[in-house]
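The structure appears right after this line, and notes come after that.
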Amino acid sequence: MISRKNILPAITTTRGSEGRAKIKEADELGLDEVALFPTCLDKMEREELYGILSESKIKRIPFIHLRSDMSPEEIDFLIDDYQAEVFNIHSSADYPLLFDLSAFSNRIYMENTVYLFDEEELKKFAGLCIDFSHLENDRILQPERYEKFSKMLPRFLVGCNHISAIQKKAHFNEGLKEDRITSHFMASLSELDYLKNYPQEYFSKYIALELENDLASQLKAKDYIFDLLAGG
């Protein structure tokens, strides 16, 4: 059964989401636990963010999206200082890792993206991170990719999840060269209703809201998702 506690608001750092402002807002809201997406930050920018975090009320970051340039030393720091428990990565076809992270393989889960990863690569890690918006996008717009992933899914442990919004109207993504209905910005709570399409066993203990929205909006989304999936 899904727990409200398992749904984590997130510090996101994509272009539409400034991490420094989100940390300040977390303090104002009294949040001491969040997920972290250092998606667009290089090493120096991450070090700056960690400095700001160290002065905040945030004490636990149990779920973190790894970048391919993160070293074992950086991961050890996140485990020791912020009680990080699980991480997700993209496949090497998307972003090849720059360091050997095998020491953390039992904590790392591979995310479904536009690149369907090789099962042999997946076996080197703990299991799957299901990004539900990616999955729903493929169900509607890329049925072949959806079918391939769905056949793979029962054979691997689902250890963590991402949740973003699904829009009604598709937009063309220049980088990916395909239409997408995923969005890291949630215009309305109803853009999360697609989650009802998926069974409880797809949801894990670690569910991060990958949203550019402010944390106050994410907390509303957290309650909405819980009511949607668990019946309040």
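Count residues from 1 along the sequence.
H90 has its side chain within reach of H65: a pair of non-hydrogen atoms, C-beta onward, lies under 4.5 Å apart. Looking only at side-chain heavy atoms (C-beta outward), Y202 and L153 come within less than 4.5 Å of each other. You'll find the side chain of C129 stays beyond 4.5 Å of the side chain of M110, heavy atoms only. Between F87 and L101 there is no side-chain heavy-atom pair separated by less than 4.5 Å.
Legend: residues meeting side chain to side chain contact (heavy atoms under 4.5 Å, CB included) with A126, ordered by chain and number and at least two apart, are Y109. With sequence neighbours excluded, no residue forms a side-chain hydrogen bond (donor to acceptor under 3.5 Å, both in side chains) with D76. Qualifying ring pair (Phe, Tyr, Trp, His ring centres under 6.0 Å) partners for H184, counting only residues two or more places apart in sequence or in other chains: none. When the salt bridge (charged side-chain N to carboxylate O under 4.0 Å, His left out) test is applied to K220, no partner is found at least two apart in sequence or on another chain.
Grouping the Ile, Leu, Val, Met, Phe, Trp and Tyr side chains by contacts below 4.5 angstrom, directly or via other members, places F37 apart from I79. Tracing side-chain contacts under 4.5 Å through hydrophobic residues (I, L, V, M, F, W, Y), one reaches I61 starting from L209; they form part of the same cluster. In this structure, M70 is not a member of the same hydrophobic cluster as M44, with clusters built from ILVMFWY side-chain heavy atoms closer than 4.5 Å.
Around CD of E144, the count of heavy atoms belonging to other residues, nucleotides or ligands within 6.0 Å does not exceed 12. Remark: Y95 OH is loosely packed, at most 12 non-hydrogen atoms of other residues, nucleotides or ligands lying under 6.0 Å away. The number of heavy atoms from other shown groups lying within 6.0 Å of NZ (K168) does not exceed 12.
Ionic pairing of R145 and D138 is present here: one or more N-O contacts between side-chain nitrogen and carboxylate oxygen are shorter than 4.0 angstrom. Of the charged side-chain nitrogens involved, at least one lies within less than 4.0 Å of a carboxylate oxygen, so that R139 and E136 count as a salt-bridged pair. A salt bridge does not link K123 with E121: every distance from a Lys NZ or Arg NE/NH1/NH2 to an Asp or Glu carboxylate oxygen is 4.0 Å or more. A salt bridge links D223 with R4; the closest basic N to acidic carboxylate O contact falls under 4.0 Å.
In this structure, the separation between CD1 on I7 and CD on Q218 is 12.0 Å, given to the nearest 0.5 Å. Distance check, rounded to the nearest 0.5 Å: CD1 of I207 to CZ of F226 gives 10.5 Å. With values rounded to the nearest 0.5 angstrom, K57 atom NZ is found 10.0 Å from D32 atom CG. The distance from atom CG of L97 to atom CG of L66, rounded to the nearest 0.5 Å, is 8.0 Å. How far CG of L215 is from CD1 of I11: 5.0 Å, rounded to the nearest 0.5 Å. In this structure, L128 CG and N88 CG are separated by 11.0 Å, a value rounded to the nearest 0.5 Å.
Legend: salt bridge (Lys or Arg N to Asp or Glu O under 4.0 Å) pairs involving residues 97-119, not counting sequence neighbours, sorted by first then second residue: E119-R155. Applying the salt bridge (Lys or Arg N to Asp or Glu O under 4.0 Å) rule to pairs touching residues 35-56 yields R20-E48, K43-E47, R46-D69, R46-E74, sequence neighbours excluded.
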* To do: Show your working on side chain to side chain donor-acceptor pair (under 3.5 Å) between S190 and S188 and close with a plain yes or no.
  => CA-CA 5 Å; S190 63; S188 71; 2.8 Å; yes
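A donor-acceptor contact shorter than 3.5 Å is absent between the side chain of N173 and the backbone of R180. A donor-acceptor contact shorter than 3.5 Å links the side chain of N161 to the backbone of S204. In this structure, the side chain of T12 engages the main chain of L211 through a donor-acceptor pair within 3.5 Å. K22 contributes a side-chain N or O that, together with a main-chain N or O of N213, makes up a donor-acceptor pair within less than 3.5 Å. For E210 (side chain) and I163 (main-chain N/O), no donor-acceptor pair under 3.5 Å exists by modelled atom type.
In this structure, L135 and Y146 approach most closely via the heavy-atom pair O-CD1, 3.5 Å. When all heavy atoms of A26 and I58 are compared, the pair lying nearest together is CB-CD1, 3.9 Å.
Ring planes of F132 and F203: parallel class, angle under 30° (limits at 30 and 60°).
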